[in-house]
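Scroll down for the structure; my scribbles are underneath it.
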Amino acid sequence: STRLEDLRVKLENEGLVNISYVVVNHQGLHSRRKFHLLKESVSDYITVYQQDEQQADVWTLLNGNKDDFVIYDRCGRLVYHLGLPYSFLSFQYVEESIKIAYCENKCGNCSYMEPDIDSICENITKKADERLAEIEPKPTGQHSHHRNLHSHRHHH
C-alpha cells in the first residue's frame, strides 16, 4: 500500500493527474479488523473501501482475486485486469497499464480527455505497449483476461 502511494506520486510527477486509486478491503472479519491499519498506511489520495459482509463480494463480481489490479479508462471501461504476479508493484506492469489506460484510446474514443494530454503521453506509451502486448485482455465478455499470462516473456 505504501508502494501504491509511491506509484501515485511518481505518475503525478510525470503529469498523470486525476487518477482515482481505490483499495478494496476484503469482506472477512480478519480483514475488517485491520481496516484502520490499511487506511492509515495510505494517503488521503487513495480511497480505501470496506466491503460490507452482506453485499456481493466485489472480487467475485469482477471475476478476480483480492490482489488483482483492475484498471479502467476515463469512461469507466475496463482496460486491464492484472492478476498475480503481474499485479506485484515491484514489476512495472501496473504502472504501464495505467499509463496506457491514461494515454491511449484502447476502448475507443472517450469524451473525457485532458487538454494537454498529448505532450505528456508522447513518450510514455511506446515502451509500455510493447511490454503489455501479450497480456492484453480480449474485448469480449468472456472473462478471458488471463488467457496468456503464463506465456509472457519478461523484458527487463
Side-chain angles (χ1 to χ4, degrees), residues 1 3-27 31-32 35 38-39 41-89 91-149 152:
S1 44
R3 271 177 195 258
L4 183 59
E5 177 61 19
D6 293 343
L7 177 58
R8 186 192 72 76
V9 171
K10 178 176 194 274
L11 291 176
E12 197 165 89
N13 290 337
E14 290 180 23
L16 277 70
V17 293
N18 297 330
I19 299 175
S20 307
Y21 299 85
V22 182
V23 176
V24 178
N25 199 26
H26 195 257
Q27 282 173 304
S31 298
R32 293 214 312 279
F35 176 70
L38 182 58
K39 190 109 182 71
S41 69
V42 299
S43 77
D44 293 340
Y45 294 103
I46 298 178
T47 308
V48 181
Y49 176 71
Q50 178 57 63
Q51 295 193 76
D52 189 2
E53 256 180 318
Q54 267 58 61
Q55 74 185 75
D57 176 50
V58 166
W59 294 114
T60 306
L61 294 172
L62 292 171
N63 200 26
N65 301 304
K66 68 181 182 64
D67 294 313
D68 290 2
F69 270 89
V70 189
I71 296 160
Y72 298 91
D73 69 10
R74 287 181 172 78
C75 285
R77 298 170 300 197
L78 176 66
V79 184
Y80 288 105
H81 182 158
L82 299 176
L84 293 172
Y86 300 94
S87 56
F88 280 127
L89 288 175
F91 294 137
Q92 283 180 297
Y93 298 108
V94 172
E95 178 181 340
E96 293 176 351
S97 301
I98 291 173
K99 286 176 173 177
I100 286 177
Y102 193 97
C103 288
E104 297 186 9
N105 296 324
K106 273 270 185 262
C107 307
N109 281 331
C110 179
S111 51
Y112 303 107
M113 288 310 282
E114 299 287 317
D116 56 349
I117 195 167
D118 288 345
S119 53
I120 295 167
C121 290
E122 214 166 311
N123 312 317
I124 271 177
T125 54
K126 286 194 201 94
K127 278 200 215 96
D129 253 346
E130 291 158 19
R131 204 171 305 212
L132 283 163
E134 291 173 47
I135 57 170
E136 197 168 325
K138 273 206 287 251
T140 64
Q142 297 307 306
H143 293 297
S144 52
H145 306 305
H146 303 289
R147 66 194 162 99
N148 50 8
L149 285 178
H152 193 77

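One is the number of the first residue; the rest follow in order along the sequence. Worth knowing before you read on, the calculation uses all heavy atoms, side chains too, and leaves out hydrogens, waters and symmetry mates. All figures in this text were calculated on a predicted structure; none of them were measured in a lab.
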dist Y45:OH -> Y21:OH (nearest 0.5 Å) comes out at 12.0 Å
Keeping S87 on the side-chain end and D67 on the backbone end, is there a donor-acceptor pair under 3.5 Å? yes
Backbone N or O of V17 within a donor-acceptor pair of the Y102 side chain at under 3.5 Å? yes
Can you tell me if Q51 uses its side chain to pair, donor with acceptor, with the backbone of V58 under 3.5 Å? yes
Please report the interatomic distance CD1(I71) to CD(E96), rounded to the nearest 0.5 Å. 11.0 Å
Got I98 and L7 here, is their nearest side-chain heavy-atom distance under 4.5 Å? yes
Could you tell me whether the SG atom of C110 lies less than 2.5 angstrom from the SG atom of C75? yes
dist I100:CD1 -> D73:CG (nearest 0.5 Å) comes out at 13.0 Å
Which value, rounded to the nearest 0.5 Å, describes the distance between F69 atom CZ and L4 atom CG? 5.0 Å
What is the distance from atom CG of D44 to atom NZ of K39, rounded to the nearest 0.5 Å? 6.5 Å
Decide yes or no for V79 and C107: does some side-chain heavy atom of the first lie under 4.5 Å from some side-chain heavy atom of the second? yes
Going by side-chain hydrogen bond (donor to acceptor under 3.5 Å, both in side chains), R32 matches just one of H26, E53, Q50. Which one? E53
Within this structure, what is the SG-CD distance for the pair C121 and E14, rounded to the nearest 0.5 Å? 10.5 Å
For Q55, is there any backbone N or O sitting under 3.5 Å from a side-chain donor or acceptor partner on Q27? yes
Quick check: closest heavy atoms across S97 and Y93, and the distance to 0.1 Å? OG-O, 2.7 Å
pair K99-L11: side-chain heavy atoms closer than 4.5 Å: yes
With distance as the sole test, does R77 use its side chain to make a donor-acceptor pair with the main-chain N or O of G108 at under 3.5 Å? yes
Note: Y49 and F35 closest approach over all heavy atoms is C-CE1, 4.3 Å
Side chain to side chain donor-acceptor pair (under 3.5 Å) partners of S20, counting only residues at least two apart: none
State whether the side chain of D68 and the backbone N or O of N65 hold a donor-acceptor pair below 3.5 Å, judged by distance alone. yes
Sorted by chain and residue number, the salt bridge (Lys or Arg N to Asp or Glu O under 4.0 Å) partners of E12 (sequence neighbours excluded) come out as R8
